[in-house]
Amino acid sequence: MQSQTVDNIDQVLLKKASAKIRKAFGELPDTAIILGSGLGILADQLANSRTLATKEIPGYPASTVAGHRGRWVLGDLSGNTILAVQGRIHGYEGHNMAVLALPINILASCGIKNLVVTNAAGAINRFYAPGHFMVIDDHINMNFSNPLFGKNDDKFGPRFPDMSAPYDPKLKEKTMQIGRELGIKMHRGVYVSVRGPSYETAAEIRMFERLGADVVGMSTVPEVIAAVHRGLKVVGISCISNMATGMSDQPLRHDEVTEVAEQVKGHFLQLIAKVVAET
Ligand code: HPA
């Protein structure tokens, strides 16, 4: 049997989806934000907002996770217009990585230049605690897959994208500075991405610690790889929702994600508003 090379981007669907976004929102800003678990509150705070349900976007998979409302919201945050993606899709919902990259490809095809990615994450680093924030300095992909797997469209980006600086160095520095000025407990570290949905075992966390990871989560990396491919400027911010398995004597609960997000939402909104102004 002849093997088949997969098309990782369905161009027809991408064109239709991008056309839908442009029609719904008109002129778009330069910056979009992907809102992580529990962090969707930001979309509710946007002034003069306009909303599009993701079920209206051709080819867009439905979000099945509690705390992830499937909609895109355009609006103003402290005077800066942003496009917020609320209702991230995850690999553990059964999607392959090319599907996880679809929102990024839509954003890039609509002319978005800067991407702020946010997530909830478990702390592996012993100096971190729930409620702290971490600027993603670098990442480790433990999904054993890649959103760019398959044919490459050279119009979109190179076959072998350089990953020596996936997160913009200046924006990382600036985000740290803004956070500190706001009195937020800020760290800068390495995010390891797993597919989930089961949380990690204590042995896996010890392994990740030895590999150099500071936090663990089930998102972000597939999106960032796609964003780097499309030439977007990226900044990543993790909200620590819990200590990772074995780092405390508590079992993990998904509710912690929303509980901690609720506690830190003031800081989160202030931080993002200022970071967006810097993009
Ligand atoms: N592990 C994986 N993903 C997560 C965690 C965790 O501990 N916390 C929030 N997302």
Side-chain angles (χ1 to χ4, degrees), residues 33-42 63-69 85-95 97 100 103 116-145 147 167 184-225 235-265 267-268 271-272:
I33 179 165
I34 312 259
L35 297 169
S37 300
L39 303 172
I41 33 168
L42 185 135
S63 178
T64 62
V65 196
H68 278 271
R69 206 147 117 205
V85 174
Q86 188 182 11
R88 159 183 268 144
I89 40 180
H90 298 84
Y92 61 73
E93 294 172 83
H95 307 300
M97 283 218 170
L100 304 188
V116 182
V117 268
T118 65
N119 58 52
I124 300 173
N125 189 313
R126 290 151 211 272
F127 292 102
Y128 296 9
H132 293 186
F133 286 84
M134 187 193 86
V135 173
I136 305 180
D137 197 32
D138 205 347
H139 71 224
I140 299 173
N141 180 8
M142 277 285 176
N143 290 266
F144 303 106
S145 186
Y167 303 87
I184 300 174
K185 270 280 193 192
M186 296 293 292
H187 305 281
R188 182 166 168 163
V190 173
Y191 177 97
V192 60
S193 162
V194 294
R195 199 155 188 219
S198 55
Y199 284 117
E200 304 68 41
T201 63
E204 285 163 347
I205 293 299
R206 285 194 298 274
M207 172 182 74
F208 293 149
E209 186 181 24
R210 280 170 203 166
L211 294 179
D214 295 292
V215 302
V216 57
M218 301 177 192
S219 67
T220 303
V221 167
E223 294 152 355
V224 170
I225 294 172
V235 61
I237 300 170
S238 294
C239 168
I240 312 302
S241 55
N242 57 281
M243 295 310 289
T245 312
M247 305 309 294
S248 81
D249 50 12
Q250 299 295 315
L252 267 57
R253 293 178 296 115
H254 180 66
D255 291 352
E256 280 171 305
V257 172
T258 28
E259 285 164 16
V260 172
E262 184 59 33
Q263 287 160 21
V264 301
K265 71 177 179 201
H267 273 162
F268 179 67
L271 180 68
I272 297 299

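The shown structure was predicted, so the numbers you read here are calculated from the model rather than taken from an experiment. One-based numbering, in listed order, for ligands and for the atoms of each.
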By salt bridge (charged side-chain N to carboxylate O under 4.0 Å, His left out), which residues pair with Asp138, not counting sequence neighbours? none
Taken in chain and number order and not counting sequence neighbours, the residues that satisfy salt bridge (charged side-chain N to carboxylate O under 4.0 Å, His left out) with Arg206 are none
Can a donor-acceptor pair be found, under 3.5 Å and without considering hydrogens, that links the side chain of [X] to the backbone of [Y]?
| X | Y | answer |
| --- | --- | --- |
| Asn125 | Phe127 | yes |
| Arg195 | Ser219 | no |
| Ser241 | Glu256 | no |

Ligand 1: protein N/O within less than 3.5 Å of ligand N/O:
| residue | atom | partner | partner atom | Å |
| --- | --- | --- | --- | --- |
| ligand 1 | 1 (N) | Glu200 | OE1 | 2.8 |
| ligand 1 | 1 (N) | Glu200 | OE2 | 3.3 |
| ligand 1 | 7 (O) | Asn242 | ND2 | 3.0 |
| ligand 1 | 8 (N) | Gly122 | N | 3.3 |
| ligand 1 | 8 (N) | Asn242 | OD1 | 2.7 |
| ligand 1 | 10 (N) | Ala120 | O | 3.4 |

Pairwise salt bridge (charged side-chain N to carboxylate O under 4.0 Å, His left out) hits with a residue in residues 116-128, at least two apart: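 Output for this query lists Arg126-Glu209.
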